[in-house]
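Written below as structure tokens is the structure these notes are about.
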Amino acid sequence: MDIIHNRKLGSILLLTSAFFFSTMSMFARLSGDIPVMQKLFVRNFVSIIVLSCIFAHRRRVPRIKPGTLHMHLLRSGLGIICTLGNLYAVDHMLLADATILVQLCPFFVILLSSIFLREKVRPVQYLLILLAFAGAAFVVKPSSGLFSENAALIALMSAVLGGGAYMMVRALSLHGEDGLITVFFFSVLSCIICFPSLLLHPVQYSPEQIFFLLMMAGVAYFGQYFVTLAYRYAPSSEISIFDYSQVIFAAMYGRLIFGQSSDTLSIIGYILIFAAALLMFLQSRTNASD
């Protein structure tokens, strides 16, 4: 498979991941007032079960590649804090607002990858990222009060840490690490860190909450798997802009599930984000064919 096909596949995989992650946020909010660490525990415990079945079917013992432990720890640590912040923001903000703030993450992915992974970023890519960021501003319509809220600040922090986590996913793939191993390591470490919350803050879940938690965990597994695959097939500077599609999916769920309506400014933002994503893909494909 040549580099053009790799980039196209990476883009499709990241769009698929964005759909699953936005669906995860919807189910996380529907699950109600449950401590975020317990939501993260359930999410990753289900992931461990699924991955363990896959490894058993393949008669394979999950082991990380020698020399990658520090990268796994950094990727998992950043990812855990990022996900906790994301879950908190989803619970305490409008779904679309929380999603768009966290989805500043691709901007930080490109910056961090250019610095630490030495990936080349062309000036036009920076311009397209700014176009997407402008679209995000139309969607959020930030006011002085927005950024004074703890939830908004936590969402922004999640975007920065998420950029670092995705950068490490790319670094691990460059070292030949299997995506399933990366996800498995993250899930195990997440459960270890979050398990004490189950003992210190016991919660009696209703049948409805159990259903939403399990659905959240299921779609989160697919989101994590597809994002890991995406960064194996293409550099972050080529495809990370497609992660902004989570904003569109979140707006759809906000309308259909929570009765939230998109106004004219939000629709303008959606158009700008889609335009930036399409131009990024076309520009990358043109450069690859030169």
Under 3.5 Å, is there a donor-acceptor pair between the side chain of Thr68 and the main chain of Met71?
->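 No, because the side chain of Thr68 does not come within donor-acceptor range (under 3.5 Å) of the backbone of Met71.
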Without swapping roles, check the side chain of His57 against the backbone of Cys53 for a donor-acceptor pair under 3.5 Å.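 No, the answer is negative, given that no donor and acceptor are paired below the 3.5 Å cut-off.
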Check the hydrophobic clustering (I, L, V, M, F, W, Y; side-chain heavy atoms under 4.5 Å; chains of links allowed) and say if [X] and [Y] are grouped together.
X      : Y      : result
Leu130 : Leu128 : no
Val227 : Ile12  : no
Val61  : Ile64  : no
Leu200 : Phe41  : no
Met168 : Leu174 : no

What pairs of residues pass the salt bridge (Lys or Arg N to Asp or Glu O under 4.0 Å) test when at least one of them lies in residues 23-33, not counting sequence neighbours?
->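 Qualifying pairs: none.
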Qualifying salt bridge (Lys or Arg N to Asp or Glu O under 4.0 Å) pairs, either residue in residues 39-67, two or more places apart: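 Every salt bridge (Lys or Arg N to Asp or Glu O under 4.0 Å) pair that includes a residue of residues 39-67, provided the two are not neighbours, is Lys39-Asp91, Arg60-Asp178.
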Would the number of heavy atoms belonging to other residues, nucleotides or ligands and lying under 6.0 Å from OH of Tyr126 be above 12?
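Above 12, so yes.
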Enclosure of Phe195 CZ (heavy-atom neighbours >12, cutoff 6.0 Å):
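Result for CZ/Phe195: open.
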Just verifying a value: how many Å separate [X] [atom1] and [Y] [atom2], rounded to the nearest 0.5 Å?
X      : Y      : atom1 : atom2 : answer
Met26  : Thr99  : CE    : OG1   : 11.5 Å
Ser31  : Phe211 : OG    : CZ    : 12.0 Å
Leu84  : Ser197 : CG    : OG    : 9.5 Å
Gln246 : Ser25  : CD    : OG    : 6.5 Å
Ser190 : Phe185 : OG    : CZ    : 10.0 Å
Leu95  : Leu30  : CG    : CG    : 9.0 Å

Please tell me if the side chains of [X] and [Y] come closer than 4.5 Å, counting only heavy atoms from C-beta onward.
X      : Y      : answer
Ile81  : Met157 : yes
Phe226 : Leu14  : no
Ile80  : Phe186 : yes
Phe184 : Ser52  : yes
Asn44  : Tyr221 : no
Ile154 : His92  : no
Pro62  : Leu51  : no

Which atom of [X] lies closest to which atom of [Y], heavy atoms considered:
X      : Y      : value
Ala89  : Ala155 : CB-CB, 3.9 Å
Val219 : Phe20  : O-CB, 3.4 Å
Ser47  : Ser187 : OG-OG, 3.1 Å
Leu40  : Cys194 : CD2-SG, 3.7 Å
Ala250 : Ser22  : N-CB, 4.2 Å
Gly32  : Gln209 : CA-NE2, 4.3 Å

Does any pair with a residue in residues 72-87 pass side chain to side chain donor-acceptor pair (under 3.5 Å), and if so which ones, sequence neighbours excluded?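 For residues 72-87: His72-Glu177.
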As a quick check of understanding, evaluate side chain to side chain contact (heavy atoms under 4.5 Å, CB included) for Met37 and Leu87, giving each step before the final call. CA-CA 9 Å; Met37 294 194 76; Leu87 290 171; over 6 Å; no
Residues in side chain to side chain donor-acceptor pair (under 3.5 Å) with [X], at least two apart?
X      : value
Ser17  : none
Tyr205 : Gln38
Thr23  : Tyr253

Report yes if the distance between the aromatic ring centroids of Phe249 and Phe21 is under 6.0 Å, otherwise no.
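No, too far apart.
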